[in-house]
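Right, one structure below, let's go through it.
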Amino acid sequence: MAAPDEAACIEEVTRLMVLIFGLNRVSFAMVTGTDHFLLKRIEVKRCAREEKEMEEEDGDGGGGEEGAARNSFDSMSSSHAQSLVLEYLDSDFKRPFEGTAAGIVVKTLKEHYTPRTEFSDFPTHKVFYKQGLNSVLASPILVNGNQCMGVILLSKPEEDAFPKADRILISDIATLLGANIYSKRLRKASEEANKLSREMLHSFVPPKVLEKIEGFWDSNSEKYKALRSSIFAQESTCTPESSVGDKSSNEEEVTRTNSWYVANQDWSEAQIQEHAKRMKNWGVQDKLQMLKKLNRGESFNGEDSTGVIITTKGLDLDAELNITSRALYAENVHNVTIIFTDIVGFSRIAMGVTPIKVMNMLQNLFNRFDRLCDVHGVMKLETIGDAYLCATNMLEEDANDINVARDAAIRALAMAKDMVREARNVRIPISHEAVHIPWASHTFDEPETLEIRVGIHVGDITCGVLGQRLPKFTICGTTVNLAARMEQTSKPSMIRVTKCFHDLVGDNEQGWLKKETVALKNMGKVESYLLDPFRTSIPHSEA
């Protein structure tokens, strides 16, 4: 539907119903919660010119002109629709569904028709009768046939003024309105979620990465336009070539719309008068044709095209989907040192205390690690349960320089040693009663301190930002996996590193315990070195 938002959809349907069914007021009971609705009453004010044309209609029986008007059904104009002034009456306040025809419609998902309000039991219908309104129709606004978003409420002074054919048309228009409102709400929810994500970017994405990707969310930025251009270029290379006689949809702007008064804005005064004369003479076939035009836009490629308004110039739904299916940012980074840590016996600890105590313990530990990151110039990447992941030489200038990589590795090792020491300052929480572990031969009556294992490796990684909602900076690659395996095979309060990291650090560390070859799943045998941060440094030759 050619409308930018929910309110515009309601206005468009109001104008259509006024022209088709000769109404003066259309009301919408939009569902809010489970037992209330928001009432939107829209009264139509016609301009003087249209009032005069309507009077001429009443005095003209149509005669031979009726057939000519029917044959030129496609010559409907937007003039009448645009001359209607909509006035909102006491809208947007909650009312209960109980005791109303709208409540029955929402409950049964079926229309409720009152041909004579004089005999209705609803209090509102009795009010309508006193106002001279004798027919009331309540038609559900459905989505997928089973979800009611609201009710269209129509009334007329004549008794039994809505024949079966008109009620079917109104039901279809209500369904069309429901689909459009639903899509507008989905888009609005998506935009709000993305806006929240952008506001939270600083918490999830490193500042250096943030500078590279912020422009991709701003549709007016050069980065966003460049991204779209590259995607359109890729999509165009994948489409088959058209024949010489074909008209490409990219050569000019082609608009499909299911709004007849938007699509027909250039008709002559004579055509406008023809439309005015035949409005009152429309039969069932004419109205069915109107509904077909309402639901189905004109084809621009030889095929019928159903849906909301689509402008083919500058808008490609497939490309829009492809934008969200591509990472906002990605690159390969060399000589990155990855540090992995986790808590020794974390499962045992978590079994013995309340969840809040476990979270407080992790908060205490990770806060200490965060401070160490600032001290040593290390980038925190993420926490996964009890694991802490950080890195050096990530997105640094001259990262490929061997001296820069060595300095980053030395800082990473100093960070790892301080992490092991700092963990010893965090006490394991205990319950008021002694914690009993089923497979242990003793209980833990005295508080203990945490121990962690650490694994380090240096190499190339792939990094990027994934997700439109809560976007997250992510790293992956063999370097990350190998650092994790070093941590898994390490020992409590010790650091295990790969040979390439050991060789990069060189003589800057003299406290290596021994060289070990560990067998890793899917990686084979890997040479590694252990380091005890609490052990007095010894000459490298004795290691």
- Query: More than 12 foreign heavy atoms under 6.0 Å from OH of Tyr113: is that the case here?
  - Reply: yes
- Message: Does atom CD (Glu98) have a neighbourhood of more than 12 heavy atoms from anything else shown, all under 6.0 Å?
- Response: no
- Apply side chain to side chain contact (heavy atoms under 4.5 Å, CB included) to Cys390 and Phe369, showing your working. CA-CA 10 Å; Cys390 53; Phe369 290 173; over 6 Å; no
- Item | Test: Lys472 and Glu382 ion pair at under 4.0 Å | yes
- Message: With a 3.5 Å distance limit and no angle check, can you tell me whether Thr108 reaches the backbone of Ile104 through a side-chain donor-acceptor pair?
- Response: yes
- Query: Between the main-chain N or O of Asn360 and the side-chain N or O of Asn364, is there a donor-acceptor pair closer than 3.5 Å?
  - Reply: no
- Does any N or O in the side chain of Thr32 come within less than 3.5 Å of the main-chain N or O of Phe37, such that one atom is a donor and the other an acceptor? no
- Verify, without hydrogens or angle tests, whether Arg25 (side chain) and Leu154 (backbone) share a donor-acceptor contact under 3.5 angstrom. no
- Under 4.0 Å between a Lys/Arg side-chain N and an Asp/Glu carboxylate O for Glu6 and Lys184? no
- Item | Derivation of the side chain to side chain contact (heavy atoms under 4.5 Å, CB included) call for Asp342 and Phe346 | CA-CA 8 Å; Asp342 81 341; Phe346 177 75; over 6 Å; no
- Item | Minimum heavy-atom distance Leu395-Glu331, with the two atoms named | CD2-OE2, 3.6 Å
- Greater than 12 external heavy atoms within 6.0 Å of Lys126's NZ: yes
- Message: With a sphere of 6.0 Å drawn around CZ of Phe366, does it hold more than 12 non-hydrogen atoms of other residues, nucleotides or ligands?
- Response: yes
- Would you check if the side chain of Asp160 reaches a backbone N or O of Pro115 as a donor-acceptor pair within less than 3.5 Å? no
- Message: Rounded to the nearest 0.5 Å, what separates atom CD1 in Ile349 from atom CE in Met351?
- Response: 12.0 Å
- Message: Could you measure the distance from the CZ atom of Phe97 to the CG atom of Asp35? Nearest 0.5 Å is fine.
- Response: 8.5 Å
- Looking only at atom types and distance, does a side-chain atom of Ser135 sit under 3.5 Å from a main-chain N or O of Thr117, one as donor and one as acceptor? no
- Reported CD-to-CG distance for the pair Glu12 and Leu176, which is rounded to 0.5 angstrom: 8.5 Å
- Task: Flag the pair Leu137 / Ile170 as yes when at least one side-chain heavy-atom distance between them is below 4.5 Å, and no otherwise.
- Result: yes
- Query: With a 4.5 Å limit on heavy-atom distance, are the side chains of Lys40 and Ile10 in contact?
  - Reply: yes
- Donor-acceptor pair, side chain of Ser120 and main chain of Phe122, under 3.5 angstrom: yes
- Message: Are Thr462 and Thr474 packed together at the side-chain level, in the sense that at least one heavy-atom pair is separated by less than 4.5 angstrom?
- Response: no
- Item | Lys/Arg-Asp/Glu bridge criterion (N-O < 4.0 Å) met for Asp370, Lys380 | yes
- Query: Roughly how far apart are Ser155 OG and Leu23 CG, rounded to 0.5 Å?
  - Reply: 7.5 Å
- How long is the gap from CE on Met17 to CG on Asp166, to the nearest 0.5 Å? 10.5 Å
- Message: I'd like to know whether Val26 forms a side chain to side chain contact (heavy atoms under 4.5 Å, CB included) with Ile152, so could you lay out the CA-CA distance, the side-chain angles of the two residues, the decisive distance to 0.1 Å, and finally the verdict.
- Response: CA-CA 7 Å; Val26 180; Ile152 297 179; 4.2 Å; yes
- Task: Enter the distance from Asn180:CG to Asp5:CG here, rounded to the nearest 0.5 Å.
- Result: 11.5 Å
- Sub-4.5 Å side-chain heavy-atom contact between Phe473 and Leu466: no
- Beyond-backbone contact of Glu111 with Pro140, side-chain heavy atoms, under 4.5 angstrom: yes
- Item | Heavy-atom donor-acceptor pair, Lys156 side chain to Leu133 backbone, under 3.5 Å | no
- Decide if atom CG of Asp374 counts as having more than 12 heavy atoms of other residues, nucleotides or ligands within a radius under 6.0 Å. yes
- Message: Is the shortest side-chain heavy-atom distance between Lys130 and Val127 below 4.5 Å?
- Response: no
- Atom of Leu39, atom of Ser27 and distance for their closest heavy-atom approach: CD1-CB, 4.3 Å
- Could you check Phe28 against Ile141 for side chain to side chain contact (heavy atoms under 4.5 Å, CB included), going step by step and ending with a plain yes or no? CA-CA 9 Å; Phe28 300 86; Ile141 303 173; 4.3 Å; yes
- Query: With a 4.5 Å limit on heavy-atom distance, are the side chains of Tyr388 and Leu365 in contact?
  - Reply: no
- Task: Locate the shortest heavy-atom distance separating Asn134 from Pro157; write the atom from each residue and the value.
- Result: ND2-O, 2.6 Å
- Under the criterion side chain to side chain contact (heavy atoms under 4.5 Å, CB included), which of Ile181, Val106, Val31, Leu177 is the partner of Met149? Ile181
- Query: Quick one: are Phe340 and Val480 in side-chain contact, heavy atoms under 4.5 Å?
  - Reply: yes
- Residue pair Pro429 / Lys357: nearest heavy atoms and the distance that separates them: CG-O, 3.9 Å
- Closest non-hydrogen atom pair between Cys148 and Leu109, with its separation: CB-CD2, 3.6 Å
- Here the pair of heavy atoms bringing Cys463 nearest to Ile461 is CB-CD1, 3.8 Å
